[in-house]
Amino acid sequence: MARDLRIADLRDHAGEQVTLSGWVDVLRDQKQVQFLVVRDETGRVQVVNERAERPDIAEILSGLSVDSVVKVTGLVVIEPRVKLGGLEVRCERVEVLSLAEEAPINAASSLEKRMDWRFIDLRSARNQLTFRVEAEISDAFRQFCRSKDFVEINSPKLMASASESTAELFEVRYFDRKAYLAQSPQFYKQMGIASGFPGVFETGPVFRANPSFTSRHDTEFTSLDVEMGFVDSHEDVMSFEERLLAYALERVADRYGAEIEAELGGAVVPPRLPFPRIPHHEALRIVEASGYHIPRSDGDLDPEAERRLAAHVAEHLDHEFVFVTDYPASLRPFYHMRHSSDPGLTKSFDLIWKGLEITTGAQREHRPDELVAQIREKGFDPSAIQFYVNFFRFGCPPHGGFGLGLTRLVMVLLGAPSVREVTYLYRGPNRLTP
RNA sequence: GGACCUGUGGUGCAGCCUGGAGUGCACGCCGGCCUGUCAAGCCGGAGGUCGCGGGUUCAAAUCCCGUCAGGUCCGCCA
């Protein structure tokens, strides 16, 4: 029978004989008495052995090393002298399930070395918590979308052509021709609307061949994608996303808020609705007024501008989130719908949380003629993506959606210094292993 | 792709500017001591071609050039 007792539950078994399993956290091997701290995913407990009473056990314990895996049977005793929980297990039997060599890393090791030995690094309480939070968010995302009757899809990651620009695509050999790894499920989630689903969502990998050397980029990451039908404008999409995020952060706060505060030091406060919305041109004005001149020539916000905008919103509107809306068409892809009143502007938005861009979304152009014109305007050949244009020729509701970077979301939520810290196994320009 | 920064026992650092024997600190590891520890403590020990190559010099971890590996920020984006 598999392990059924966890360390956090020991308190309910005082006076009983129990069997517990876990990792050796530390061994204090004294002349008369030995103390072994055993760790599992729920906590730590002290195991004690009097050498004189059980020399056979003493010999086994002396041979243990940190991070070895043991199975211990003994009596649970309430013992006020023990600072670790006020209880201990008097060892009656110990089995070494796995003897560990000395670990090549510790909590102080550099990120690079910890990534080399990620399976050891993930054992830390901080990392265990990180991935439980990430799983909670994934589940909340799924629950929320399903509650709106949206259908979960799993779109292909192998594509014959680019969905946006070819610059950031990984090319792979596909029998006797070329294929590409999907940098977004963009086309395929829009297809779901043309296919008659009220809304679709997906949580899956996306691939970006950007040689980006920053703390917020990677070449493969998990994207939370939504596409919803019958929207009136991008406002409907923003409204959906802010309610989704509020729900997800509430769930994280409820289930892990105390642990996050204890382990990482920051409180999880579910955001107030609605999030502020600031049109792009207004955002530019705010940034300029803060005394920062954006050096780039295309008129878009750079990272420093986004941080300044976030600081402005935090100060004047008391909010950590801000939707930047209505980007100029020149800055957005061909599939973003444009305002009928001002064709120079798109019905699009970015979502910035604490100064970091975590989402791009928009209402899509679902009218074939307009779409083809916009594809041409951006310098692409509509015939190369005819399958995509076809989605809109046979009856397709107005629709919109967004993509949310899961690792960026968790990075901001937990105050991590890099997406590498919150990615199970990071992939970047210089990192393809382990 | 651009700018800047880093590379020193298993781990994290100091030493470099102002050249002088691989010098130091913390953690870990090994051994000994220790009557209940709990970040255990005390004593002792092992462990390093100072990323690599070349140059300057009587002498290079230290100065110069090259190279390799990584990081931060920018660009690109989620």
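Below, each value reflects all heavy atoms present in this structure, side chains not excepted, and no hydrogens, waters or symmetry copies. Per chain, numbering begins at 1; letters A, B, ... match sequence-line order.
For A/K31 and B/C34, the NZ to P distance is 3 Å, given to the nearest whole Å. When the P atom of B/A78 is taken as reference, atom CE of A/M411 falls 16 Å away, rounded to whole Å. If you measure from atom CZ of A/F170 to atom P of B/C76, you get 18 Å, rounded to the nearest angstrom. One interatomic measurement links the two molecules: CG of A/N210 to P of B/C74, which rounds to 14 Å at whole-angstrom precision. Here the P atom of nucleotide B/A69 and the CZ atom of A/F213 are 11 Å apart, to the nearest Å. Look at NE2 on A/H217: it is 9 Å from P on B/C77, rounded to the nearest Å. Spacing between atom CG of A/D300 and atom P of B/C74 amounts to 14 Å, rounded to whole angstrom units. Rounded to whole angstrom, the span from the CZ atom of A/R81 across to the P atom of B/U37 amounts to 8 Å.
At a threshold of 4.0 angstrom between heavy atoms, the contacts of A/R307 are confined to the sugar-phosphate backbone, with no base atom among them. Among the protein residues, A/T360 comes within range of the sugar-phosphate backbone only, with heavy atoms under 4.0 Å from sugar or phosphate atoms but none that close to a base. Using a 4.0 Å heavy-atom distance criterion, A/L404 is classed as making no nucleic acid contact. No engagement by A/E101 is indicated, since no non-hydrogen atom pair under 4.0 Å with the nucleic acid exists. Residue contacts shown for A/D29 include a base, since a base heavy atom lies under 4.0 Å away. Nucleic acid contact for A/P211: base, since at least one base atom lies under 4.0 Å from a heavy atom of the residue. Across all strands, A/D350 comes closer than 4.0 Å to no nucleic acid atom at all (heavy-atom distances). At a threshold of 4.0 angstrom between heavy atoms, the contacts of A/E50 include nucleobase atoms, whether or not backbone atoms are also involved. Counting non-hydrogen atoms under 4.0 angstrom, A/R114 reaches nothing in the nucleic acid. Residue contacts shown for A/D218 include a base, since a base heavy atom lies under 4.0 Å away.
Separation of the P atoms belonging to B/G7 and B/C76 is 32 Å when rounded to the nearest angstrom. With C1' as the reference atom, B/A61 and B/G22 are 9 Å apart, rounded to whole Å. Comparing the same atom, C1', in B/G45 and in B/C63 gives a spacing of 37 Å after rounding to whole Å. When the P atom is compared between B/U67 and B/G1, the two are found 14 Å apart, to the nearest whole Å. The gap from the P atom of B/A14 to that of B/U8 amounts to 11 Å, rounded to the nearest Å. Annotation: B/U62 and B/U56 have their P atoms spaced 15 Å apart (nearest Å). When the C1' atom is compared between B/C33 and B/C16, the two are found 41 Å apart, to the nearest whole Å. B/U11 and B/U49 have their P atoms separated by 12 Å, with the value rounded to a whole Å.
Between A/D56 and A/R93 no salt bridge is recorded (no basic side-chain N to carboxylate O distance below 4.0 Å). Taking 4.0 Å as the cut-off between side-chain N and carboxylate O, A/R54 and A/E92 do not count as a salt-bridged pair.
Checking B/G24 for Watson-Crick or G-U wobble geometry (two distances, each under 3.5 Å) identifies B/C13 as its partner. B/G36: no Watson-Crick or G-U partner with both key distances under 3.5 Å is found in any strand. Across the strands present, B/U56 finds no partner; the criterion is a Watson-Crick or G-U wobble pair with both atom distances under 3.5 angstrom. For B/G45, the paired base is B/C29 (Watson-Crick or G-U wobble, both distances below 3.5 Å). Across all strands shown, B/U72 pairs with B/A3; the Watson-Crick or G-U wobble distances both stay below 3.5 Å. Pairing of B/C77, defined by two Watson-Crick or G-U wobble distances under 3.5 Å, is not identified with any nucleotide.
OP1 or OP2 of B/G71 has at least one side-chain nitrogen or oxygen of A/N430 nearer than 4.0 Å. For the pair A/R44 and B/A39, the criterion of a side-chain N or O lying under 4.0 Å from OP1 or OP2 is not met. Considering only side-chain N and O atoms, A/R420 lies under 4.0 angstrom from the phosphate OP1 or OP2 of B/G71. For A/S110, no side-chain nitrogen or oxygen approaches OP1 or OP2 of B/U11 to under 4.0 Å. Taking side-chain N and O atoms only, A/K113 has a distance below 4.0 Å to OP1 or OP2 of B/G12. Look at A/S215 and you won't find any side-chain N or O under 4.0 angstrom from OP1 or OP2 of B/U72.
The number of heavy-atom neighbours closer than 6.0 Å to CZ of A/R431, taken from other residues, nucleotides and ligands shown, is above 12.
Put simply, A/F35 does not rest on the base of B/G36: the two rings are not both less than 5.5 Å apart at their centres and under 30° in tilt.
For A/T407, counting side-chain heavy atoms from C-beta on, the closest listed nucleotide (B/U11, B/G75, B/A78) is B/A78. Proximity note for A/S109 (side chain, C-beta onward) versus B/U11, B/C73, B/A78: the nearest is B/U11. Side-chain proximity of A/Q30 to the nucleotides B/G75, B/C29, B/C34 is greatest for B/C34. Looking at the side chain of A/D302, the nearest of the listed nucleotides B/G75, B/A78, B/G12 is B/G75. When each of B/G75, B/G36, B/A78 is scored by its nearest atom to the side-chain atoms of A/R296, the top-ranked nucleotide is B/G75.
Counting atom types as modelled, A/Q34 pairs no side-chain N or O with a base atom of B/U37 as donor and acceptor under 3.5 Å. With hydrogens and angles ignored, a donor-acceptor pair closer than 3.5 Å exists between the side chain of A/S212 and the base of B/C76. Between the side chain of A/E112 and the base of B/G7, no donor-acceptor pair under 3.5 Å is found.
A distance-only check finds no donor-acceptor pair linking the side chain of A/T423 to the backbone of A/L425 [under 3.5 Å]. Put simply, the side chain of A/S290 gets close to the backbone of A/V287: a donor and an acceptor are under 3.5 Å apart. Listed for the A/T42 side chain is a donor-acceptor partner under 3.5 Å among the backbone atoms of A/A8. For A/D225 (side chain) and A/E202 (main-chain N/O), no donor-acceptor pair under 3.5 Å exists by modelled atom type.
Exactly one of A/D326, A/T325, A/V322, A/V324 qualifies for a side-chain contact (heavy atoms from CB on, under 4.5 Å) with A/R277. That residue is A/T325.
For the 3.5 Å distance criterion, the side chains of A/Y247 and A/R251 qualify, holding a donor opposite an acceptor.
Comparing A/N106 and A/R90 by the nucleotide of RNA chain B that holds the closest heavy atom to each, the one mapping nearer the 5' end is A/N106. Nucleotides of RNA chain B nearest to A/P417 and A/L301 differ in position, and the one nearer the 5' end is that of A/P417.
When every heavy atom of A/E288 is checked against every heavy atom of A/I294, the shortest pair comes out as OE2-N, 4.1 Å.
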